[in-house]
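In what follows, a structure is listed as C-alpha coordinates, so that the remarks can point back to it.
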Amino acid sequence: MVDTLGVAVVGFGWMGRVHTQAYARLLHHYPRLGLRPQLVTVAEEVPGRAEEAAAQFGFAATTRDWREVAKDPRVQAVSITAPNFLHREIGVAMAEAGKHIWIEKPVGLSTADARAVADAVAAAGVQGAVGFNYRNAPAVETARELIASGAIGRVTHLRIRLFSDYAAHPEGALTWRYEKERGGSGVLGDLASHGADLARFLLGDIESLTADTAVFIPERARPTGATAGHARATGGELGPVENEDYVNCLLRFASGARGVLEACRVSVGEQNNYGFEVHGTEGAVFWDFRRMNELGVSRGTGYQDQPVSTVYVGPGAGEFAAFQPGAANAMGYDDLKVIEAHRFVRSITEGTPYGATLPDAVHSAAAVEAMVRSAERGVWVNVREL
(Lines give C-alpha, C1' and ligand atoms only; values in the text may rest on other atoms or scores of the structure.)
Protein backbone atom coordinates (compact mmCIF):
# COMPACT_ATOMS: atom_id res chain seq x y z
CA MET A 1 0.00 0.00 0.00
CA VAL A 2 1.43 3.36 -1.08
CA ASP A 3 0.85 6.25 1.33
CA THR A 4 -0.58 9.47 -0.06
CA LEU A 5 0.97 12.92 0.07
CA GLY A 6 -1.53 15.76 -0.09
CA VAL A 7 -0.18 18.41 -2.46
CA ALA A 8 -1.32 21.86 -3.51
CA VAL A 9 -0.24 24.14 -6.33
CA VAL A 10 -0.20 27.90 -5.76
CA GLY A 11 -0.26 29.82 -9.03
CA PHE A 12 -1.54 28.02 -12.12
CA GLY A 13 0.20 29.58 -15.07
CA TRP A 14 2.40 27.48 -17.32
CA MET A 15 4.76 26.47 -14.51
CA GLY A 16 1.92 25.47 -12.22
CA ARG A 17 0.70 23.19 -14.99
CA VAL A 18 4.20 21.69 -15.39
CA HIS A 19 4.39 20.93 -11.64
CA THR A 20 0.93 19.34 -11.69
CA GLN A 21 1.83 17.13 -14.64
CA ALA A 22 5.04 16.10 -12.87
CA TYR A 23 3.07 14.96 -9.81
CA ALA A 24 0.68 13.03 -12.05
CA ARG A 25 3.53 11.19 -13.78
CA LEU A 26 5.67 10.57 -10.72
CA LEU A 27 4.76 6.96 -9.90
CA HIS A 28 4.80 6.02 -13.59
CA HIS A 29 8.56 6.58 -13.56
CA TYR A 30 9.31 5.91 -9.88
CA PRO A 31 6.88 3.17 -8.79
CA ARG A 32 8.88 2.34 -5.65
CA LEU A 33 8.86 5.89 -4.31
CA GLY A 34 6.54 5.07 -1.40
CA LEU A 35 4.37 8.22 -1.53
CA ARG A 36 1.60 8.91 -4.03
CA PRO A 37 0.91 12.62 -4.62
CA GLN A 38 -2.77 13.45 -4.22
CA LEU A 39 -3.92 16.72 -5.78
CA VAL A 40 -5.79 18.42 -2.94
CA THR A 41 -6.19 22.04 -3.99
CA VAL A 42 -5.08 24.64 -6.52
CA ALA A 43 -4.88 28.36 -5.71
CA GLU A 44 -5.09 30.93 -8.48
CA GLU A 45 -6.43 34.48 -8.32
CA VAL A 46 -7.31 34.76 -12.04
CA PRO A 47 -11.05 34.01 -12.23
CA GLY A 48 -11.86 30.61 -13.68
CA ARG A 49 -8.30 29.37 -14.00
CA ALA A 50 -8.31 27.25 -10.83
CA GLU A 51 -11.62 25.68 -11.82
CA GLU A 52 -10.21 24.78 -15.23
CA ALA A 53 -7.19 23.20 -13.55
CA ALA A 54 -9.42 21.17 -11.23
CA ALA A 55 -11.57 19.95 -14.11
CA GLN A 56 -8.54 18.89 -16.16
CA PHE A 57 -6.26 17.44 -13.49
CA GLY A 58 -8.62 16.39 -10.68
CA PHE A 59 -7.79 18.75 -7.82
CA ALA A 60 -10.30 18.15 -5.04
CA ALA A 61 -10.72 21.85 -4.27
CA THR A 62 -9.99 25.33 -5.62
CA THR A 63 -9.39 28.72 -4.05
CA ARG A 64 -8.41 32.24 -5.09
CA ASP A 65 -6.62 32.83 -1.77
CA TRP A 66 -3.36 30.96 -1.20
CA ARG A 67 -3.73 31.52 2.56
CA GLU A 68 -6.46 28.88 2.54
CA VAL A 69 -3.83 26.38 1.41
CA ALA A 70 -1.63 27.17 4.41
CA LYS A 71 -4.56 26.42 6.74
CA ASP A 72 -5.64 23.21 5.00
CA PRO A 73 -4.68 20.14 7.11
CA ARG A 74 -5.04 17.88 4.05
CA VAL A 75 -2.02 19.56 2.41
CA GLN A 76 1.47 18.37 3.35
CA ALA A 77 3.42 19.73 0.37
CA VAL A 78 3.01 22.84 -1.76
CA SER A 79 4.31 23.85 -5.18
CA ILE A 80 4.84 27.62 -5.28
CA THR A 81 4.65 28.75 -8.90
CA ALA A 82 3.23 32.23 -8.34
CA PRO A 83 4.95 35.43 -9.57
CA ASN A 84 8.33 36.33 -8.07
CA PHE A 85 7.11 39.09 -5.76
CA LEU A 86 4.93 36.57 -3.89
CA HIS A 87 7.64 33.94 -3.36
CA ARG A 88 8.87 35.19 0.01
CA GLU A 89 5.47 35.72 1.61
CA ILE A 90 4.02 32.44 0.40
CA GLY A 91 7.20 30.41 1.00
CA VAL A 92 7.64 31.60 4.58
CA ALA A 93 3.95 31.15 5.37
CA MET A 94 3.84 27.60 4.01
CA ALA A 95 6.99 26.57 5.86
CA GLU A 96 5.69 28.06 9.11
CA ALA A 97 2.47 26.11 8.57
CA GLY A 98 4.54 22.92 8.43
CA LYS A 99 4.24 22.38 4.68
CA HIS A 100 7.11 21.06 2.58
CA ILE A 101 7.69 23.43 -0.36
CA TRP A 102 8.78 23.06 -3.97
CA ILE A 103 9.32 26.63 -5.09
CA GLU A 104 10.32 28.03 -8.43
CA LYS A 105 13.41 30.14 -8.83
CA PRO A 106 14.48 32.87 -8.22
CA VAL A 107 12.73 32.53 -4.79
CA GLY A 108 11.76 36.17 -4.42
CA LEU A 109 13.25 39.45 -5.54
CA SER A 110 16.54 39.45 -3.64
CA THR A 111 19.07 37.47 -1.66
CA ALA A 112 17.22 38.54 1.50
CA ASP A 113 14.00 37.01 0.15
CA ALA A 114 15.66 33.70 -0.73
CA ARG A 115 17.41 33.60 2.64
CA ALA A 116 14.15 34.31 4.48
CA VAL A 117 12.48 31.33 2.81
CA ALA A 118 15.54 29.13 3.43
CA ASP A 119 15.58 30.13 7.11
CA ALA A 120 11.85 29.42 7.47
CA VAL A 121 12.26 25.97 5.92
CA ALA A 122 15.20 25.16 8.22
CA ALA A 123 13.39 26.45 11.33
CA ALA A 124 10.25 24.45 10.55
CA GLY A 125 12.18 21.26 9.82
CA VAL A 126 10.42 20.77 6.49
CA GLN A 127 11.92 19.96 3.12
CA GLY A 128 12.46 22.61 0.44
CA ALA A 129 13.19 22.10 -3.25
CA VAL A 130 13.91 24.73 -5.90
CA GLY A 131 13.17 24.69 -9.63
CA PHE A 132 16.69 24.69 -11.04
CA ASN A 133 15.66 22.07 -13.58
CA TYR A 134 18.58 22.23 -16.02
CA ARG A 135 20.97 20.66 -13.51
CA ASN A 136 18.68 17.58 -13.60
CA ALA A 137 19.52 16.71 -17.22
CA PRO A 138 21.43 13.40 -17.23
CA ALA A 139 24.01 14.87 -19.62
CA VAL A 140 24.64 17.77 -17.22
CA GLU A 141 25.09 15.38 -14.31
CA THR A 142 27.48 13.36 -16.46
CA ALA A 143 29.43 16.51 -17.28
CA ARG A 144 29.73 17.29 -13.59
CA GLU A 145 31.06 13.80 -12.89
CA LEU A 146 33.63 14.08 -15.70
CA ILE A 147 34.81 17.44 -14.40
CA ALA A 148 35.04 16.22 -10.79
CA SER A 149 36.95 13.08 -11.84
CA GLY A 150 39.65 15.12 -13.56
CA ALA A 151 38.80 13.66 -16.97
CA ILE A 152 39.44 17.05 -18.64
CA GLY A 153 42.30 18.00 -16.35
CA ARG A 154 42.20 21.12 -14.19
CA VAL A 155 39.28 23.32 -15.23
CA THR A 156 40.48 26.63 -16.62
CA HIS A 157 37.34 28.36 -17.87
CA LEU A 158 33.63 28.02 -18.48
CA ARG A 159 31.12 29.73 -20.74
CA ILE A 160 27.36 29.63 -20.14
CA ARG A 161 24.77 31.04 -22.53
CA LEU A 162 21.02 31.49 -22.06
CA PHE A 163 19.51 33.17 -25.11
CA SER A 164 15.78 33.29 -25.78
CA ASP A 165 13.27 35.27 -27.82
CA TYR A 166 10.26 35.06 -25.48
CA ALA A 167 10.37 38.83 -24.95
CA ALA A 168 11.71 39.81 -28.36
CA HIS A 169 8.41 40.99 -29.86
CA PRO A 170 7.94 44.73 -29.28
CA GLU A 171 4.22 44.09 -28.70
CA GLY A 172 4.93 41.82 -25.73
CA ALA A 173 2.66 42.91 -22.88
CA LEU A 174 4.06 44.94 -19.98
CA THR A 175 3.38 42.29 -17.33
CA TRP A 176 4.78 41.98 -13.80
CA ARG A 177 7.91 40.43 -15.29
CA TYR A 178 9.09 43.85 -16.49
CA GLU A 179 8.52 45.69 -13.20
CA LYS A 180 11.16 45.87 -10.47
CA GLU A 181 8.58 45.91 -7.68
CA ARG A 182 6.94 42.65 -8.74
CA GLY A 183 9.47 40.99 -11.06
CA GLY A 184 12.70 42.17 -9.47
CA SER A 185 15.55 41.84 -11.91
CA GLY A 186 14.61 40.93 -15.48
CA VAL A 187 16.58 38.38 -17.45
CA LEU A 188 18.91 38.11 -14.45
CA GLY A 189 16.28 36.50 -12.23
CA ASP A 190 14.62 34.64 -15.09
CA LEU A 191 17.57 33.10 -16.96
CA ALA A 192 20.87 34.21 -15.39
CA SER A 193 19.74 32.65 -12.09
CA HIS A 194 19.75 29.29 -13.90
CA GLY A 195 23.19 30.12 -15.28
CA ALA A 196 24.56 30.95 -11.85
CA ASP A 197 23.21 27.68 -10.49
CA LEU A 198 24.66 25.67 -13.37
CA ALA A 199 28.03 27.38 -12.96
CA ARG A 200 28.16 26.54 -9.27
CA PHE A 201 26.81 23.01 -9.84
CA LEU A 202 29.62 22.32 -12.33
CA LEU A 203 32.58 24.21 -10.90
CA GLY A 204 31.82 25.10 -7.28
CA ASP A 205 31.39 28.45 -5.57
CA ILE A 206 31.54 31.72 -7.48
CA GLU A 207 33.87 34.06 -5.63
CA SER A 208 33.42 37.37 -7.48
CA LEU A 209 32.04 38.80 -10.69
CA THR A 210 31.59 41.88 -12.82
CA ALA A 211 28.61 42.46 -15.09
CA ASP A 212 27.06 44.75 -17.69
CA THR A 213 23.32 44.95 -18.40
CA ALA A 214 21.06 46.62 -20.94
CA VAL A 215 17.39 47.22 -21.78
CA PHE A 216 16.84 46.96 -25.54
CA ILE A 217 13.03 47.37 -25.65
CA PRO A 218 12.46 50.31 -23.26
CA GLU A 219 8.64 50.53 -23.49
CA ARG A 220 5.77 48.05 -23.75
CA ALA A 221 1.96 48.28 -23.79
CA ARG A 222 0.07 47.57 -20.59
CA PRO A 223 -2.36 44.64 -20.89
CA THR A 224 -6.07 45.37 -20.52
CA GLY A 225 -6.84 42.10 -18.73
CA ALA A 226 -5.30 39.01 -17.15
CA THR A 227 -2.39 37.54 -19.08
CA ALA A 228 -0.71 34.16 -19.17
CA GLY A 229 2.79 33.35 -20.35
CA HIS A 230 4.27 35.99 -22.64
CA ALA A 231 1.14 37.45 -24.21
CA ARG A 232 1.08 40.41 -26.61
CA ALA A 233 -0.73 43.68 -26.09
CA THR A 234 -1.48 46.38 -28.63
CA GLY A 235 -3.11 49.76 -28.24
CA GLY A 236 -2.66 49.92 -24.49
CA GLU A 237 -0.91 52.68 -22.56
CA LEU A 238 2.85 52.44 -22.91
CA GLY A 239 4.92 51.98 -19.80
CA PRO A 240 8.64 51.66 -19.08
CA VAL A 241 10.50 48.36 -18.93
CA GLU A 242 12.21 48.63 -15.56
CA ASN A 243 14.53 45.64 -15.59
CA GLU A 244 17.16 44.08 -17.80
CA ASP A 245 16.76 42.47 -21.21
CA TYR A 246 20.42 41.45 -21.35
CA VAL A 247 23.40 40.66 -19.12
CA ASN A 248 26.96 39.59 -19.68
CA CYS A 249 29.13 38.69 -16.76
CA LEU A 250 32.71 37.65 -15.98
CA LEU A 251 33.06 35.11 -13.18
CA ARG A 252 35.90 34.14 -10.87
CA PHE A 253 35.52 30.82 -9.06
CA ALA A 254 36.98 29.86 -5.70
CA SER A 255 38.90 27.13 -7.56
CA GLY A 256 40.73 29.75 -9.62
CA ALA A 257 38.78 29.00 -12.80
CA ARG A 258 37.29 31.82 -14.86
CA GLY A 259 33.90 32.04 -16.53
CA VAL A 260 31.61 34.00 -18.82
CA LEU A 261 27.83 34.04 -18.37
CA GLU A 262 25.61 35.73 -20.95
CA ALA A 263 21.79 35.83 -21.00
CA CYS A 264 19.20 37.64 -23.10
CA ARG A 265 15.40 37.47 -23.35
CA VAL A 266 15.08 39.46 -26.60
CA SER A 267 17.43 37.47 -28.87
CA VAL A 268 15.66 37.29 -32.23
CA GLY A 269 16.43 33.97 -33.90
CA GLU A 270 17.23 32.21 -30.63
CA GLN A 271 14.74 29.76 -29.15
CA ASN A 272 15.93 28.45 -25.80
CA ASN A 273 19.59 28.44 -26.81
CA TYR A 274 20.90 27.37 -23.43
CA GLY A 275 24.14 25.55 -22.84
CA PHE A 276 27.72 25.57 -21.62
CA GLU A 277 31.30 24.80 -22.55
CA VAL A 278 33.80 23.84 -19.86
CA HIS A 279 37.49 23.77 -20.76
CA GLY A 280 40.28 22.12 -18.82
CA THR A 281 43.99 21.61 -19.22
CA GLU A 282 43.43 18.23 -20.94
CA GLY A 283 40.01 18.47 -22.55
CA ALA A 284 36.54 19.97 -22.60
CA VAL A 285 32.82 19.18 -22.27
CA PHE A 286 30.00 20.83 -24.22
CA TRP A 287 26.21 20.77 -23.66
CA ASP A 288 23.29 22.30 -25.58
CA PHE A 289 19.81 22.14 -24.03
CA ARG A 290 18.26 21.83 -27.50
CA ARG A 291 20.15 18.53 -27.83
CA MET A 292 19.59 17.72 -24.19
CA ASN A 293 20.64 14.09 -24.26
CA GLU A 294 24.00 14.67 -25.98
CA LEU A 295 27.32 15.68 -24.50
CA GLY A 296 30.36 16.76 -26.46
CA VAL A 297 33.52 15.40 -24.84
CA SER A 298 37.17 15.99 -25.70
CA ARG A 299 39.80 14.25 -23.59
CA GLY A 300 43.19 12.67 -23.99
CA THR A 301 46.78 13.83 -24.36
CA GLY A 302 46.62 15.33 -27.84
CA TYR A 303 46.10 18.94 -26.71
CA GLN A 304 46.30 20.44 -30.19
CA ASP A 305 43.79 19.16 -32.77
CA GLN A 306 42.25 16.88 -30.15
CA PRO A 307 38.85 15.69 -31.45
CA VAL A 308 35.45 16.06 -29.79
CA SER A 309 33.23 12.98 -29.48
CA THR A 310 29.45 13.07 -29.19
CA VAL A 311 28.25 10.97 -26.26
CA TYR A 312 24.57 9.96 -26.15
CA VAL A 313 23.67 9.56 -22.51
CA GLY A 314 21.73 6.48 -21.48
CA PRO A 315 20.87 4.33 -18.47
CA GLY A 316 23.45 4.94 -15.79
CA ALA A 317 23.54 8.68 -16.48
CA GLY A 318 21.59 10.58 -13.85
CA GLU A 319 17.92 9.57 -13.85
CA PHE A 320 17.84 8.55 -17.52
CA ALA A 321 16.86 4.94 -16.77
CA ALA A 322 13.60 6.06 -15.20
CA PHE A 323 12.47 7.37 -18.59
CA GLN A 324 14.16 5.49 -21.44
CA PRO A 325 15.69 2.02 -21.88
CA GLY A 326 18.70 2.88 -24.03
CA ALA A 327 21.02 5.65 -25.12
CA ALA A 328 19.88 8.15 -27.77
CA ASN A 329 16.20 7.79 -26.81
CA ALA A 330 15.23 11.39 -26.19
CA MET A 331 14.10 12.94 -22.93
CA GLY A 332 12.42 16.35 -22.80
CA TYR A 333 11.94 19.42 -20.61
CA ASP A 334 8.93 18.08 -18.70
CA ASP A 335 10.96 15.01 -17.75
CA LEU A 336 13.38 17.27 -15.89
CA LYS A 337 10.48 18.49 -13.75
CA VAL A 338 9.44 14.88 -13.04
CA ILE A 339 13.00 14.29 -11.80
CA GLU A 340 12.67 17.40 -9.66
CA ALA A 341 9.33 16.18 -8.25
CA HIS A 342 10.90 12.81 -7.50
CA ARG A 343 13.76 14.36 -5.59
CA PHE A 344 11.35 16.60 -3.68
CA VAL A 345 9.09 13.73 -2.64
CA ARG A 346 12.07 11.50 -1.87
CA SER A 347 13.39 14.25 0.41
CA ILE A 348 10.07 14.20 2.26
CA THR A 349 10.04 10.40 2.47
CA GLU A 350 13.59 10.04 3.76
CA GLY A 351 14.02 13.34 5.61
CA THR A 352 17.21 14.08 3.65
CA PRO A 353 17.51 16.78 0.95
CA TYR A 354 17.93 15.63 -2.65
CA GLY A 355 18.39 17.89 -5.66
CA ALA A 356 18.44 21.69 -5.64
CA THR A 357 17.62 23.15 -2.23
CA LEU A 358 16.91 26.56 -0.69
CA PRO A 359 20.61 27.12 0.15
CA ASP A 360 21.29 26.67 -3.59
CA ALA A 361 18.69 29.37 -4.25
CA VAL A 362 20.45 31.69 -1.82
CA HIS A 363 23.75 31.22 -3.65
CA SER A 364 22.10 31.90 -7.02
CA ALA A 365 20.30 34.97 -5.66
CA ALA A 366 23.57 36.32 -4.28
CA ALA A 367 25.18 35.97 -7.71
CA VAL A 368 22.25 37.76 -9.36
CA GLU A 369 22.37 40.55 -6.78
CA ALA A 370 26.10 40.87 -7.35
CA MET A 371 25.43 41.27 -11.10
CA VAL A 372 22.95 44.08 -10.39
CA ARG A 373 25.40 45.89 -8.09
CA SER A 374 28.29 45.44 -10.48
CA ALA A 375 26.32 46.79 -13.44
CA GLU A 376 25.24 49.81 -11.41
CA ARG A 377 28.71 50.62 -10.06
CA GLY A 378 31.02 49.28 -12.77
CA VAL A 379 33.10 47.24 -10.30
CA TRP A 380 33.91 43.68 -9.34
CA VAL A 381 31.63 42.42 -6.52
CA ASN A 382 32.46 39.72 -3.98
CA VAL A 383 29.55 37.26 -4.12
CA ARG A 384 30.37 35.75 -0.72
CA GLU A 385 29.67 39.07 1.02
CA LEU A 386 26.01 39.12 -0.04
Side-chain angles (χ1 to χ4, degrees), residues 29 131-166 191-192 194-204 248 251 253 255 257-264 267-340 342-343 355-356:
H29 299 280
F132 289 126
N133 42 267
Y134 299 110
R135 62 155 65 189
N136 299 328
V140 173
E141 295 190 300
T142 299
R144 187 190 195 206
E145 292 170 1
L146 287 171
I147 292 165
S149 71
I152 64 170
R154 176 177 53 83
V155 172
T156 53
H157 58 103
L158 160 148
R159 183 181 180 188
I160 292 180
R161 68 187 183 283
L162 300 112
F163 297 144
S164 186
D165 63 355
Y166 66 79
L191 294 182
H194 277 300
D197 181 69
L198 275 175
R200 181 169 170 268
F201 183 70
L202 294 169
L203 300 192
N248 66 62
L251 307 169
F253 292 86
S255 66
R258 298 297 195 261
V260 177
L261 188 161
E262 190 176 16
C264 185
S267 297
V268 175
E270 300 282 12
Q271 295 85 41
N272 298 332
N273 182 358
Y274 309 153
F276 59 74
E277 302 101 42
V278 181
H279 293 268
T281 54
E282 297 174 12
V285 292
F286 309 87
W287 181 71
D288 186 329
F289 169 64
R290 297 165 301 179
R291 305 176 71 90
M292 192 177 82
N293 306 288
E294 300 178 16
L295 194 65
V297 180
S298 177
R299 52 182 171 175
T301 56
Y303 299 102
Q304 292 179 303
D305 301 323
Q306 184 164 287
V308 177
S309 300
T310 298
V311 176
Y312 297 97
V313 295
E319 297 291 325
F320 189 94
F323 298 87
Q324 299 293 350
N329 287 290
M331 290 175 60
Y333 175 89
D334 285 9
D335 296 331
L336 301 184
K337 302 307 278 192
V338 176
I339 293 171
E340 209 163 87
H342 167 246
R343 290 173 175 171

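Predicted, not measured: the structure shown is a model, and the values here were computed from it.
Here the shortest heavy-atom pairing between P138 and V313 reads CB-CG2, 4.2 Å. Nearest heavy atom pair, residue P315 against residue P325, reads CG-O, 3.3 Å. G204 approaches F253 most closely through the heavy-atom pair O-CD2, 3.6 Å. Pairing each heavy atom of A327 with each of Y312, the nearest pair is CB-O, 3.5 Å. Pairing each heavy atom of S298 with each of V308, the nearest pair is CB-CG2, 3.9 Å. Closest approach of R290 and Q271 over heavy atoms only: CD-O, 3.6 Å.
Taking the side chain as every heavy atom from C-beta outward, L295 and L146 approach each other to under 4.5 Å. You'll find the side chain of L191 reaches within 4.5 Å of the side chain of Y166, heavy atoms only. Between L158 and V278 there is a side-chain heavy-atom pair separated by less than 4.5 Å. Proximity of M292 to Y134: side-chain heavy atoms (C-beta onward) are nowhere separated by under 4.5 Å.
Taking CD1 from I160 and CG from L198, the interatomic distance works out to 5.0 Å, rounded to the nearest 0.5 Å. Distance check: T310 OG1 to N293 CG gives 12.5 Å after rounding to the nearest 0.5 Å. One finds the CD atom of E282 at 8.5 Å from the CD atom of Q306 (value rounded to the nearest 0.5 Å). Note that NE2 of H29 and NE2 of H342 are 11.5 Å apart. Values are rounded to the nearest 0.5 Å. In this structure, E141 CD and I339 CD1 are separated by 7.0 Å, a value rounded to the nearest 0.5 Å. Between atom CZ of residue F201 and atom CG of residue N136 there is a gap of 7.5 Å, rounded to the nearest 0.5 Å.
Ring orientation note: the planes of F289 and Y333 are nearly perpendicular, at an angle over 60° on the 30°/60° scale. Between H279 and H157, the ring planes lie parallel to each other; the angle is under 30°, not in the 30° to 60° tilted range.
Other residues, nucleotides and ligands contribute at most 12 non-hydrogen atoms within 6.0 Å of the CZ atom of R299.
Between the T281 side chain and the R154 main chain, a donor and an acceptor come within less than 3.5 Å of each other. The closest donor-acceptor contact from the side chain of Q324 to the backbone of G314 lies at 3.5 Å or more, if one exists at all. With hydrogens and angles ignored, the 3.5 Å screen pairs a side-chain donor or acceptor of D335 with a backbone N or O of G332.
Between R161 and the choices N248, N273, V260, L261, the side chain to side chain contact (heavy atoms under 4.5 Å, CB included) rule is met once, by N273.
The residues K337 and E340 are annotated as salt-bridged, a charged nitrogen and a carboxylate oxygen being separated by less than 4.0 angstrom.
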Full working for side chain to side chain contact (heavy atoms under 4.5 Å, CB included) between F286 and E294: CA-CA 9 Å; F286 309 87; E294 300 178 16; over 6 Å; no

